[in-house]
Amino acid sequence: MLTHLDCTKCERRYDPGQTLNLCQCGAPLYARYDLQRAKHEMRPGHLALREPSMWRYREVLPLGDPEARVTLGEGFTPLLPATRLGELLGLPRLLVKDEANNPTGSFKARGLSMAVSMARALGATDVCLPSAGNAGSALAAYAARAGLKAHVFLPRDIAQLFVLETEAYGAHVETVDGLISDAGRICAAQAKEHGWYECATLKEPYRVEGKKTLGYELAEQGEWTLPDAILYPTGGGTGLVGMWKAFEELEEMGFIGSERPRMYAVQAEGCAPMVKAFSEGLEAAPFWEGAETHAHGLRVPSALGDFLILRALRESHGAGMAVSEEEILQGVRDASSTDGLFVAPEGGACVAAARKLKASGHLSPDDSIVLFNTGTGYKYVENMLDAGWESATA
């Protein structure tokens, strides 16, 4: 039920079925659908009978042919009451959306399943992206599943687990001096030179469509009532803007009303471009010099979708929140020791942010709150040891 693509800035419209990355103006493209038709097929009774994956929302996803899906069973992850963690934080209505249950252990599976599916459907033979770790391994896994060749560009200081995993899936891995932004420049140049399909964050229209299923799941799992607040660890921010897009579509189909959760972008103090831009009232986030955090998914000094992230924060009456490295480690420890959730550092950052937002009055005990854990802590053991885990837990 994909009808067209349109630009998120200049509203230029494109026909589907062609290989596109960004709009001519340089902004990301969004996929649009026949939502009036979709709402008749997606009634709650129908959805309840469908497979427990992100593909249950097929009418609002861009791939028309079910046989063309490249899937490992991604999506429809648990929304868990975090009773004991909530008690610790003074937020008794706390829930955790646990994305560690996805293939390759992180939320990146959603977007890369969709991006690789569309790349193959559009005739690509090679796919590529820069990554801080999880996106690279997800791209490699889905490319292997699809019979495509993956090219992944990683910062040289990445944990060796990510390099090993990505290579195990058969991808070509190139490590780069610097950050994901440096890897991104090299990836883009080689994609242009070799004609590869580039799957970098928001540089093609379909990865965000996989991520937006987070919003559909929150609505369905909440019996079509959204939470009061969402805390989301924000690097490139695809999941945050994807959920914001999902809520717009859900309202247009009549599944929810006009009320929205307050959206909180959680970043590390060592790399907080969205937090700074939000607090200064900017429409775009300047490049963050000297980015550093052991939560590598948050070590993104510049985001192509910065204006979309900031727009969602302001329209929802949310905010940005930065947390320290020590607070991130304590957040991991708190989630693990209270509710048995060994979260990634990015999830730990959200725990830390919840504590600070409660103290500042942004969150209250009456609020229903969804905190996102975007991956398994097992993949970050090296990072957390390097960041001083032993002293933090002594």
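It should be emphasised that the depicted structure is a prediction, and the values quoted were computed from it without experimental measurement. Residue indices begin at 1 and follow the sequence shown.
Checked by atom type and distance alone, the side chain of D6 never pairs as donor or acceptor with a backbone atom of R12 at under 3.5 Å. One N or O on the side chain of N101 and one on the backbone of D98 form a donor-acceptor pair closer than 3.5 Å. Looking only at distances, a side-chain donor or acceptor of K149 sits under 3.5 Å from a matching main-chain atom of G170. Between the side chain of N373 and the backbone N or O of A344, at least one donor-acceptor pair lies under 3.5 Å. Remark: side-chain polar atoms of Q18 are paired, donor with acceptor, to backbone N or O of D15 under 3.5 angstrom.
With salt bridges taken as basic N to acidic carboxylate O contacts below 4.0 Å, one links E198 and K203. Look at E209 and K245 and you find a salt bridge, because one of the NZ, NE, NH1 or NH2 atoms lies within 4.0 Å of a carboxylate O, short of that distance. R50 has a carboxylate O that lies under 4.0 Å from a charged side-chain N of E59, or vice versa, which qualifies the two as a salt bridge. A salt bridge is absent between R311 and E283; no separation between the charged side-chain nitrogens and carboxylate oxygens falls under 4.0 Å. For the pair R299 and E325, the salt-bridge criterion is not met [side-chain N within less than 4.0 Å of a carboxylate O]. Here R58 does not pair with D65 in a salt bridge; the nearest charged N to carboxylate O distance is not below 4.0 Å. One finds a salt bridge joining E251 and R260 here, because a Lys/Arg side-chain nitrogen approaches an Asp/Glu carboxylate oxygen to under 4.0 Å. A salt bridge does not link E41 with R37: none of the charged nitrogens is closer than 4.0 Å to a carboxylate oxygen.
Within the cation-pi definition used here (under 6.0 Å to the ring centroid, within 45° of the axis), K39 does not qualify as a partner of F255.
Taking CG of L72 as the start and OH of Y142 as the end, the distance is 4.5 Å to the nearest 0.5 Å. Distance check, rounded to the nearest 0.5 Å: OH of Y380 to CD1 of I328 gives 11.0 Å.
Clustering of Ile, Leu, Val, Met, Phe, Trp and Tyr side chains at separations under 4.5 Å leaves L49 isolated, with no partner residue.
Cluster annotation: L47 is connected to Y216 through the hydrophobic network of ILVMFWY side chains, with a link wherever side-chain heavy atoms come within less than 4.5 Å. M1 and V208 are not part of a single hydrophobic cluster, where members link through side-chain heavy atoms under 4.5 Å apart.
Defined by atom type and a distance below 3.5 Å, a donor-acceptor pair is present between the side-chain atoms of Q221 and K97.
For Y14 and H4, the distance between ring centers is not under 6.0 angstrom.
Residues in residues 227-238 take part in these side-chain hydrogen bond (donor to acceptor under 3.5 Å, both in side chains) pairs, two or more places apart or across chains: D228-S368. Every pair tested for side-chain hydrogen bond (donor to acceptor under 3.5 Å, both in side chains) that includes a residue from residues 78-91 fails, sequence neighbours excluded, so the list is empty. Legend: salt bridge (charged side-chain N to carboxylate O under 4.0 Å, His left out) pairs involving residues 104-122, not counting sequence neighbours, sorted by first then second residue: E99-R110, R110-E217.
Within 6.0 Å of atom CD in E259, 12 or fewer heavy atoms from other residues, nucleotides or ligands are found, so the atom counts as exposed in its surroundings. No more than 12 heavy-atom neighbours from other residues, nucleotides or ligands sit within 6.0 angstrom of NE2 on H317. More than 12 heavy atoms of other residues, nucleotides or ligands sit less than 6.0 Å from atom CD of E280.
Under the 30°/60° scheme for interplanar angles, the aromatic rings of W196 and H194 are found to lie parallel. By the 30° and 60° cut-offs, the orientation of the rings of Y57 relative to F76 is tilted.
Listed by chain and residue number, R156 satisfy the salt bridge (Lys or Arg N to Asp or Glu O under 4.0 Å) test with D177 (two or more places apart in sequence, or in another chain). Listed by chain and number, the residues in a side chain to side chain contact (heavy atoms under 4.5 Å, CB included) with E223 amount to none (sequence neighbours excluded).
When every heavy atom of S131 is checked against every heavy atom of V152, the shortest pair comes out as CB-CG1, 4.4 Å. Of all heavy-atom pairs spanning A121 and L63, the tightest one is CB-CD1, 3.9 Å.
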